[in-house]
Amino acid sequence: MKSTQAIASYAYTDAEVTEDKTYAVGNRLEDVPKNQASLWTTYELQNGDFKGLGFGLGLFYVGTWAGDLDNSFEVPDYLRTDAAIYYRRDALKAAINIRNLFDTEYFVDSNGTRARVKTGAPFTIIASISWEF
């Protein structure tokens, strides 16, 4: 296993109405951001008393998107940060994952109406431990 790892991704999605009797051709589809990107990095100690101790940091960007098919409102973009600390030694695995480290307010779904825009999860800590046999 390498001591440092990084995973990066980017997506550009140009989703729009191309033919319809109700909505204007060219309108953006609801809940589909044009731009999304992420970067997740980890570092794990390979030697010494703390061999197997690792740290992770992730950035997740979602661009603006249309809140409805009429394109009457736009949902703002956001940048969410996640983090992790973990320990792996032989069959033991333990981790503490922190989602939305800075408690950023962000939106994940509009349900096609301004009144029903759904917020994403707030600052969350998840702990896990496992033993493989």
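Please read all numbers here as calculations on a predicted model, not as lab measurements.
- Across all non-hydrogen atoms, the minimal contact from Arg28 to Lys34 is NH2-N, 4.1 Å.
- Distance check, rounded to the nearest 0.5 Å: CG of Leu53 to OH of Tyr87 gives 8.0 Å.
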In residues 12-22, what donor-acceptor pairs under 3.5 Å come from side-chain atoms, sequence neighbours left out?
{"from": "Asp20", "atom 1": "OD2", "to": "Thr22", "atom 2": "N", "distance (Å)": "2.5"}
{"from": "Asp20", "atom 1": "OD2", "to": "Tyr23", "atom 2": "N", "distance (Å)": "2.9"}

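- Considering every non-hydrogen atom in both Arg89 and Lys51, the closest pair reads NH1-O, 3.1 Å.
- Transitive grouping of hydrophobic side chains (ILVMFWY, heavy atoms separated by less than 4.5 Å) keeps Phe60 and Val108 in distinct clusters.
- By the rule that hydrophobic residues join a cluster once side-chain heavy atoms approach within less than 4.5 Å of another member, Val62 and Leu79 end up as members of separate clusters.
- Here Asp31 pairs with Ser110 under the side chain to side chain donor-acceptor pair (under 3.5 Å) rule; sequence neighbours left out.
- Within the structure, side chain to side chain donor-acceptor pair (under 3.5 Å) pairs that include any residue of residues 96-106 do not occur (at least two apart or interchain).
- Phe73 CZ: more than 12 foreign heavy atoms inside a 6.0 Å radius.
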If you look only at distance, which donor and acceptor atoms sit under 3.5 Å apart when one is on a side chain in residues 114-125 and the other is two or more places apart or in another chain?
{"from": "Arg114", "atom 1": "NH2", "to": "Ser72", "atom 2": "O", "distance (Å)": "3.2"}
{"from": "Thr124", "atom 1": "OG1", "to": "Pro122", "atom 2": "O", "distance (Å)": "2.7"}

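- The same ILVMFWY cluster, assembled from side-chain heavy atoms under 4.5 Å apart, contains both Leu45 and Ile85.
- Looking at every heavy atom in both residues, Gly58 comes nearest to Trp40 through CA-CE3, 3.0 Å.
- No chain of hydrophobic side-chain contacts below 4.5 Å, direct or via other Ile, Leu, Val, Met, Phe, Trp or Tyr residues, connects Ile98 to Leu57.
- Checked by atom type and distance alone, the side chain of Glu132 never pairs as donor or acceptor with a backbone atom of Ser130 at under 3.5 Å.
- Between the CZ atom of Phe107 and the OG1 atom of Thr64 there is a distance of 13.0 Å, given to the nearest 0.5 Å.
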Report the C-alpha distance between Leu29 and Trp65 in whole Å, list the side-chain angles of each, state the deciding distance to 0.1 Å, and finish with yes or no for side-chain contact (heavy atoms from CB on, under 4.5 Å).
-> CA-CA 8 Å; Leu29 297 184; Trp65 37 278; over 6 Å; no
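- Partners of Thr42 according to the side chain to side chain donor-acceptor pair (under 3.5 Å) rule, which considers only residues two or more places apart in sequence or in another chain, do not exist here.
- Between Ala8 and Leu39, the shortest heavy-atom contact is CB-CD1, 4.0 Å.
- One finds the CD atom of Glu44 at 4.0 Å from the OH atom of Tyr86 (value rounded to the nearest 0.5 Å).
- With sequence neighbours excluded, the residues forming a side chain to side chain donor-acceptor pair (under 3.5 Å) with Asp82 are Arg80, listed by chain and number.
- The backbone N or O of Leu69 lies less than 3.5 Å from a partner atom in the side chain of Asn27, making a donor-acceptor pair.
- When atom types are taken as modelled, the side chain of Asp109 and the backbone of Asn111 share a donor-acceptor pair closer than 3.5 angstrom.
- In the hydrophobic clustering of ILVMFWY residues, with side-chain heavy atoms under 4.5 Å counting as a link, Ile129 and Phe50 come out together.
- Residues Tyr43 and Ser3 are in side-chain contact: their nearest non-hydrogen atoms beyond the backbone lie under 4.5 Å apart.
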